[in-house]
Colleague: 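Structure in structure tokens, see below.
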Amino acid sequence: MVDADPQPTESPAPQRAERTAQQPFLEMRGIVKEFPGARALDGVDLEVRPGEVHCLLGQNGAGKSTLIKTLAGAHQPTSGEILIDGEPVTISDPVAALRLGIATIYQELDVVDGLTVAENIYLGHELASGGVTRRAEAARNTRKLLERLGHTEITPHREVGSLSAAGKQIVSLARALSRDARVVIMDEPSAVLDSEEVGNLHRIVRELTADGVAVVYISHRLEEIRQLGDRITVLKDGRTVAESLVVADTPTDDLIKLMTGRAVEYAFPDRPGVAEDAAPVLEVEDLALGGVFSDVSLTVRAGEIVGLAGLVGSGRSEILETIYGARRATSGTVRVGGKRLRGGVDAAVAAGIGLCPEERKSQGLLLDEPVYRNITLSTFARTARAGLLDEKAERAAAREQVEALDLRPASVERHARTLSGGNQQKALLARWLVHGCRVLLLDEPTRGVDVGARAEIYTLIRRLADDGAAVIVVSSEIPEVLGLADRVLVISDGKAVHEGPAGEIDEHAVLDLVMEGSVA
Amino acid sequence: VSNEPRESEDDAATGPVAVTENDEPGDEVVIGFSAPAADHGWMGAITAAARAEAEKYEDVTLQVAEGTNDVNVQISQIEGFIDQGVDAIVLLPFDGAALTDVALEAMEAGIPVINVDREFTSPFAARSTVLGDNYGMGVSAGTYICEQLGDNPDAVVAEIAGIDSLPLTQDRSQGFEDALDDCGLDVDARVAAEFTVESGEEQTANLLSAEPEIDAIWNHDDDQGIGVLAAIENAGRDEFFLVGGAGSKNMMDLIQSGDSVVQATVIYPSTQAADGVKLARLVAQNKTVSDLASIGVPRQVQLYAPVVTADNVEEFLPIGFDS
Amino acid sequence: MSQRSALMGPALRMGGLVLALVLLVVVGVATGGERFWSTGNLITVLSLAAVTGVVSIGMTFVITSGGIDLSVGAVVGLASVWASTLATQYAAQDYGWWVIVVTALAVGLVAGLVNGALVAYGKVPAFIATLAMLAAARGLAEIIAGRRTQVIRDVEPFFDVFQSRPLGVPTIVWIFVVVAAAGWFLLNRTTFGRRTVAVGGNPEASRLAGIKIKRHTLYLYGIAGLTAGIGAVILLARTTAGSSTHGTLLELDAIAAVVVGGTLLAGGRGTITGTVLGVLIFSTLTNVFVLNNLDSSVQAIAKGAIIVVAVLLQQWFAAREKVTST
Amino acid sequence: MSQRSALMGPALRMGGLVLALVLLVVVGVATGGERFWSTGNLITVLSLAAVTGVVSIGMTFVITSGGIDLSVGAVVGLASVWASTLATQYAAQDYGWWVIVVTALAVGLVAGLVNGALVAYGKVPAFIATLAMLAAARGLAEIIAGRRTQVIRDVEPFFDVFQSRPLGVPTIVWIFVVVAAAGWFLLNRTTFGRRTVAVGGNPEASRLAGIKIKRHTLYLYGIAGLTAGIGAVILLARTTAGSSTHGTLLELDAIAAVVVGGTLLAGGRGTITGTVLGVLIFSTLTNVFVLNNLDSSVQAIAKGAIIVVAVLLQQWFAAREKVTST
Ligand SMILES: Nc1ncnc2c1ncn2[C@@H]1O[C@H](COP(=O)(O)OP(=O)(O)OP(=O)(O)O)[C@@H](O)[C@H]1O
Ligand SMILES: Nc1ncnc2c1ncn2[C@@H]1O[C@H](COP(=O)(O)OP(=O)(O)OP(=O)(O)O)[C@@H](O)[C@H]1O
Ligand SMILES: [Mg+2]
Ligand SMILES: [Mg+2]
């Protein structure tokens with residue numbers, strides 16, 4: 001991603017070009033979708049052919065998820081028409097979409113925690129005789145699907161609630177595959193996956209297209225789109241601004257310009273280097289959480305950004321959460337500014353630590369509260385006088401961040417639920433910017449954030465560090481960790497297997513370390 | 001099928017009525033009536049009898065408030081009556097003590113209050129009081145059981161009480177205990193049901209299971225008695241005899257037929273409120289009770305709690321209420 | 001390891017309940033001896049558990065789906081009254097005892113479906129819709145019964161069937177066993193049951209997976225109503241009478257049994273086994289209390305304490321489960 | 001526009017309730033005429049509303065935070081009994097009438113804190129913990145009172161204070177007004193209220209944002225207990241007596257008023273105004289029923305129907321709100 005190539009690197013395989021010449025399988029014409037108080041789609045066109053990977057590109061809030069939800073029957077379009085094989089159809093509900101051969105993996109995790117893996121995969125189209133589920137067969141098929149996805153460690157009878165976010169994503173994927181669909185829609189499937197998983201996912205997508213299945217793929221990772229996509233449709237502010245561009249013929253810069261309407265400086269901010277005598281702000285010593293990780297020690301000085309790299313499930317999120325006091329450490333100590341931290345989250349927040357959690361919906365947001373209350377959730381008590389809220393000050397503080405982060409729409413009164421995924425992420429970041437932390441723990445801070453905003457967030461994180469904060473960043477995109485951090489810690493299987501300056505190691509080396517560690 | 005109403009409601013509720021000069025129409029009076037929720041047969045009979053009594057007099061309009069077991073609501077009902085300026089109030093309070101204050105208020109506002117069944121704590125709160133005799137009921141039941149078992153000091157006596165948190169249940173149990181004590185018996189097992197058929201059945205089933213040998217049972221309430229009998233039937237037990245309470249027609253029929261464990265029941269008149277209505281009318285019309293020599297309605301009328309057995313059941317059948 | 005914990009999980013989660021029940025039985029035997037540990041008494045305990053038990057099975061479905069049904073007690077009353085009116089009794093004499101059963105089940109089912117329609121299609125919160133049904137069903141039952149207890153007479157075959165004791169166990173206990181087994185099967189082994197869990201755990205995901213949530217919700221309340229109808233039949237058989245007071249506060253007992261059993265009140269996780277254990281705990285508790293001739297006030301306090309202890313035990317076992325599975 | 005809808009939203013959502021109340025008043029005037037629309041009768045309605053009203057305010061907080069308190073009715077009973085024991089009465093005679101008040105409030109508060117501790121620190125589901133408290137508090141109240149009603153005697157100043165009528169309105173109505181106003185302020189204008197809404201909306205997010213959700217939960221149940229204590233004082237003033245049966249089933253009335261008022265049972269949204277309207281609707285309903293001399297069974301059915309209609313009206317207004325705000 002750092003060195004995204006403006007020129008196409010991979011020439012599309014010959015048979016792919018052949019197929020793209022076929023009749024479109026699916027067409028959407030002039031789709032408009034209005035929500036109370038917002039027009040999310042304002043005339044969108046899309047055309048998908050069999051056997052192609054059609055990428056949807058657009059900034060946060062451009063309307064990508066809304067578009068595919070109208071296609072999946074989850075939303076009803078206000079106007080516009082949908083054609084399948086040239087025939088107009090109405091997709092009145094999800095069942096109708098599935099019947100038409102449209103399977104969808106949604107941006108937000110759509111699994112049921114209380115059901116097993118197999119039950120989740122077959123939810124809605126259970127293998128059953130007269131209403132009685134055929135469990136053995138479902139388990140067999142599930143095992144096959146998971147094998148195809150390269151995840152034999154996820155067993156069919158495991159409860160999905162015990163899986164990590166990535167595991168749940170795999171289950172969603174398996175569910176879409178189980179539908180034998182003609183088109184599979186994937187809304188940011190790679191956002192929670194690490195690089196190895198992403199490779200795996202790409203292989204599956206290629207297998208699908210080889211069988212003539214069309215894939216509609218949404219992602220903010222442009223290099224991924226380059227590798228995988230055949231054609232691209234770009235959305236901006238609910239309209240199609242470019243339809244069915246051939247990937248091979250479109251330089252990345254053009255795409256960014258189409259999406260954002262401007263040229264974005266597409267690089268990581270400079271590393272000014274941390275002064276040798278900078279005071280250590282966060283000191284973690286021999287931290288362990290029973291069964292998940294152990295012996296984690298690290299020191300972050302003022303102005304320093306430390307990155308944690310590792311595979312999904314290696315325990316990085318738990319390390320952050322334990323430092324933050326959200327989980328009770330089995331052993332070890334955490335010091336902030338030399339003072340030992342005791343107690344739970346509230347003590348950590350009081351000491352000036354902030355955590356941007358991994359799952360924004362379940363761990364971060366009050367979905368039915370206005371944006372400004374989400375932004376001031378950690379600080380409203382501070383702006384209050386004698387327990388009396390000062391909403392004016394809260395709104396002002398929130399508005400400032402909304403502008404700084406270019407949150408769209410730029411209203412602080414909207415409920416968090418109505419924001420697009422990427423904008424919800426920005427609102428979470430804004431919470432800690434208002435708080436003004438000494439230590440900031442960021443778990444996948446750019447998950448689902450568009451290119452333009454991504455650059456802004458990088459700059460912002462660096463600026464925070466420059467202002468004296470100690471920052472830890474966890475990201476599944478190794479280039480992001482390497483590009484942003486001063487120092488990296490490579491985590492494998494709950495242990496730190498390497499620590500060193502970010503500039504002295506590359507992606508392959510990290511991957512090697514990770515693999516070695518997990519074998520050991 | 002024999003659970004059809006055998007007689008019309010008013011006959012069943014009030015029994016024979018002698019016509020006196022007091023029954024001549026007088027001034028039009030509005031009487032407010034308030035009682036606990038009619039959630040079981042006895043209380044249903046109370047309200048039905050009061051309504052029926054009022055029907056008989058064309059000079060009486062009975063204003064009936066929703067039956068409620070919430071003293072707060074009942075107080076507001078009385079406040080409503082005061083506000084409307086009714087001519088008299090007949091009040092069977094859910095809890096006598098809790099309704100005393102509002103009754104005083106009514107009396108102070110010049111509205112005579114006739115207190116029924118559960119007594120107020122202040123003598124000034126009611127113009128006249130019609131009382132059942134809860135303690136006496138327990139005594140009657142206990143005395144009857146003593147008579148039957150008197151020669152056997154080891155006899156096992158069980159008690160199936162009603163809603164245990166009500167003072168009236170405590171009074172009944174106290175009377176029962178005192179009467180048994182007189183002949184050297186005591187209550188060996190006691191459960192409390194809730195005046196409902198279902199709870200009667202449930203509690204009795206447990207009781208019978210816990211006590212393999214019983215000689216006599218007193219059940220406070222004939223409404224729950226249907227459940228009590230069902231449980232006895234289900235358990236196939238008949239080594240004891242059962243004494244009922246309140247006096248439902250059902251139980252009287254069983255006593256009469258003599259082929260069940262029911263040997264007796266202690267009357268707790270369900271006509272109290274009807275008497276209350278009658279007295280309220282007299283008070284409001286400034287009349288007097290004609291069979292008495294004294295002028296004016298008496299301060300207190302306490303009704304008798306007789307024991308109904310096969311010998312005298314004929315006599316009581318007409319006042320048995322449908323449970 | 002995850003395999004093991006997946007298997008051990010539910011078993012361990014039940015551990016607290018089983019332990020609570022065993023402790024109760026020990027107390028029962030210690031204080032009541034043979035009077036407690038006799039076939040007769042154990043059958044009494046089971047018989048008394050039957051009504052609450054059957055109704056709790058239906059309630060488990062509703063609660064698993066994230067709903068609640070406060071009307072079951074009142075519906076039991078209404079169904080018992082309707083099934084014991086003179087008209088029904090005459091019909092039963094003419095056509096057969098099943099008329100009573102069918103009437104009770106039909107009344108329960110219809111009341112349940114009305115609940116379901118209000119919740120699913122009227123979007124009335126379940127708590128409110130079923131609270132309204134509670135009030136309405138009781139009122140209707142009182143009007144139909146004229147506040148009288150309606151004794152069933154001259155329908156002997158009805159009692160012959162329901163008061164009989166195949167294999168020495170009362171029919172009504174068999175009914176409880178069959179309903180519980182059917183409930184377990186329905187919840188764990190059928191499409192319907194798995195969808196119920198899904199609807200409770202993540203309604204939006206369920207909708208997107210193609211489940212017709214509204215229709216499913218309608219059915220769920222129908223099931224709860226139907227079990228209330230079955231409960232009414234059992235009560236008719238036990239008490240020989242229908243009454244508008246039948247089932248008073250039964251809804252609280254049922255919800256308590258379901259939740260103590262481990263079904264999440266928020267939905268998404270339900271266990272029939274837990275519900276059955278919950279029902280048995282409460283029924284044994286009452287029995288032990290009576291055996292010890294305990295004052296009803298002391299009973300109330302002890303009951304409160306025991307509920308809390310049972311749940312804390314469950315928590316403790318759940319915590320242990322986590323530790324062993326890591 | 002979003003600004004406007006944010007302002008209009010709550011007003012419109014209240015629309016259904018206000019309409020329901022207005023309809024009730026119209027029915028009251030039409031059928032009762034002056035008997036309904038007199039100062040005396042309106043004060044009767046408000047006095048009746050006071051106990052449920054005060055308790056419902058506390059309940060609003062608990063439900064907004066995603067919890068529930070089934071014990072309030074029993075706690076009202078316990079507090080009323082404790083505050084009217086002979087010992088308390090002697091102390092009140094010696095030291096002043098406030099002893100009674102303080103005792104009732106303290107009993108309510110402690111019971112609430114026990115609930116809160118069980119829920120927050122013991123992780124017992126709120127439904128279970130407060131159900132256990134319900135049973136235990138009633139049992140304890142019965143034991144303390146010996147199942148007798150305890151009349152308060154010779155503490156005249158207590159009645160002088162609470163049965164007086166400043167500005168022609170009974171003190172207990174003033175208490176309701178003050179508690180409601182304080183509740184509104186606490187929920188809408190203070191950090192405490194904000195935390196309550198946050199905890200109800202997403203407890204995990206609130207915890208991760210640094211809110212001490214356990215301590216907060218403890219306080220919330222404390223508030224519910226405290227309002228139950230206030231309710232007990234009002235009942236003592238109205239009935240001049242304490243009884244273990246005081247407040248029976250009050251929890252259902254309170255929850256119904258809160259939920260009909262528009263507070264989400266799942267938590268995350270609460271409205272004191274709605275709760276007050278809900279309480280007034282139920283209390284006016286009872287009054288209109290009495291004025292019309294309606295049979296209590298018919299009343300029950302009507303009550304059920306009216307609850308559903310009130311909620312459907314609210315739904316309809318909410319839908320309109322959406323349309324107008326686009
Ligand atoms: N339920 C809703 N009510 C109101 N507005 C909504 C609702 N859902 C989405 N929107 C608005 O519609 C617009 C498009 O949202 P959408 O989720 O489709 O964006 P997106 O392109 O998927 O963004 P991202 O990349 O961040 O996921 C946004 O402005 C969003 O605020
Ligand atoms: N409460 C828990 N008890 C035991 N194990 C847990 C618990 N929570 C998570 N785990 C396990 O800990 C490991 C690490 O979890 P997690 O997926 O959060 O790591 P991660 O490195 O942050 O990966 P991701 O990129 O998905 O965030 C996983 O194997 C997970 O199953
Ligand atoms: Mg999106
Ligand atoms: Mg993670």
Side-chain angles (χ1 to χ4, degrees), chain A residues 69 72-75 93-99 103-106 108-135 138 153-163 167-168 172 175-176 178-179 289-292 330 361 494, chain C residues 1-10 13 60 63-66 182 184-216 219 262-271 318-326:
Chain A
K69 279 187 182 164
H75 286 329
D93 57 19
V95 183
L98 292 164
R99 211 172 280 140
T104 311
I105 301 167
Y106 294 92
E108 307 303 337
L109 296 174
D110 56 351
V111 290
V112 181
D113 282 350
L115 293 180
T116 66
V117 171
E119 286 165 348
N120 261 287
I121 287 175
Y122 284 101
L123 185 63
H125 65 131
E126 295 84 354
L127 299 173
S129 326
V132 180
T133 49
R134 298 197 298 270
R135 288 154 50 88
E153 86 286 359
I154 301 179
T155 53
H157 292 304
R158 182 155 168 197
E159 229 177 61
V160 163
S162 72
L163 295 176
K168 291 176 182 174
S172 290
R175 179 198 286 172
S178 75
R179 290 280 188 173
L289 180 69
V292 182
T330 344
K361 268 198 176 170
Chain C
M1 170 127 57
S2 71
Q3 188 72 11
R4 185 180 141 243
S5 87
L7 286 168
M8 292 289 287
R13 234 177 273 142
T60 307
I63 294 184
T64 301
S65 80
W184 185 90
F185 188 80
L186 188 62
L187 186 62
N188 294 297
R189 289 287 179 270
T190 68
T191 317
F192 183 86
R194 299 292 84 196
R195 290 182 176 189
T196 303
V197 176
V199 169
N202 192 340
E204 181 63 8
S206 308
R207 187 177 78 89
L208 295 176
I211 295 172
K212 297 207 155 63
I213 299 200
K214 291 187 179 177
R215 212 174 58 189
H216 196 85
Y219 292 161
T263 296
L264 279 190
L265 204 52
R269 186 159 285 149
T271 150
R320 274 189 61 91
E321 170 195 356
K322 273 212 181 128
V323 173
T324 50
S325 73
T326 33

Colleague: Mind checking the CZ-OG1 spacing from R134(A) to T191(C)? Nearest 0.5 Å is all I need.
Modeller: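 Here the interatomic distance stands at 9.5 Å.
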Colleague: Using heavy-atom distances under 4.5 Å, tell me whether L98(A) contacts chain C through its side chain, its backbone, both, or neither.
Modeller: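 Just the side chain, heavy atoms under 4.5 Å.
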Colleague: Please list every donor-acceptor pair under 3.5 Å in which a side-chain atom of residues 209-216 of chain C meets a protein atom from a residue at least two apart or in another chain.
Modeller:
| from | atom 1 | to | atom 2 | distance (Å) |
| --- | --- | --- | --- | --- |
| H216(C) | NE2 | T196(C) | N | 3.4 |
| H216(C) | NE2 | T196(C) | OG1 | 2.9 |

Colleague: Between A198(C), G267(C), G200(C), G270(C), who has the most heavy-atom pairs with chain A when the cutoff is under 4.5 Å?
Modeller: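 Heavy-atom pairs under 4.5 Å are most numerous for A198(C).
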Colleague: Using the test side-chain contact (heavy atoms from CB on, under 4.5 Å), find all partners of L186(C) that sit at least two apart in sequence or belong to another chain.
Modeller: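 side-chain contact (heavy atoms from CB on, under 4.5 Å) check on L186(C) returns F61(C), T190(C), F192(C), I223(C).
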Colleague: Could you look at R179(A) and say if it's the side chain, the backbone, both or neither that has a heavy atom under 4.5 Å from chain C?
Modeller: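 Side chain of R179(A) only, per the 4.5 Å heavy-atom cut-off to chain C.
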Colleague: Counting only non-hydrogen atoms closer than 4.5 Å, does A72(A) touch chain C with its backbone (N, CA, C, O), its side chain (CB onward), both, or neither?
Modeller: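 Interface part for A72(A): neither.
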Colleague: Atom CZ in R194(C), atom OG1 in T116(A): separation rounded to 0.5 Å?
Modeller: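 These two atoms lie 7.5 Å from each other.
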Colleague: When rounded to the nearest 0.5 angstrom, what distance separates CG in D113(A) from CZ in R269(C)?
Modeller: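 Output value for this atom pair is 7.5 Å.
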Colleague: Looking at V111(A), is its backbone amide N or carbonyl O close enough to the side chain of N202(C) to form a donor-acceptor pair, meaning the two atoms are under 3.5 Å apart?
Modeller: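 Yes, because the side chain of N202(C) sits within donor-acceptor range (under 3.5 Å) of the backbone of V111(A).
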Colleague: Donor-acceptor pair, distance only, cut-off 3.5 Å: does the side chain of R195(C) make one with the backbone of L123(A)?
Modeller: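 Not at all, since once roles are kept as given, no pair shorter than 3.5 Å links the two residues.
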Colleague: In terms of heavy-atom pairs under 4.5 Å, which option from A97(A), A128(A), A74(A), S129(A) contacts chain C the most?
Modeller: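 Option with the greatest count: A74(A).
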Colleague: At their closest point, which heavy atom of R207(C) faces which heavy atom of P94(A), and how far apart are they?
Modeller: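 Where R207(C) meets P94(A) most closely, the heavy atoms are O-CG, 3.2 Å.
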Colleague: Which region of Y106(A), side chain (C-beta onward) or backbone (N, CA, C, O), has a non-hydrogen atom less than 4.5 Å from a non-hydrogen atom of chain C, or is it both or neither?
Modeller: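 Side chain only.
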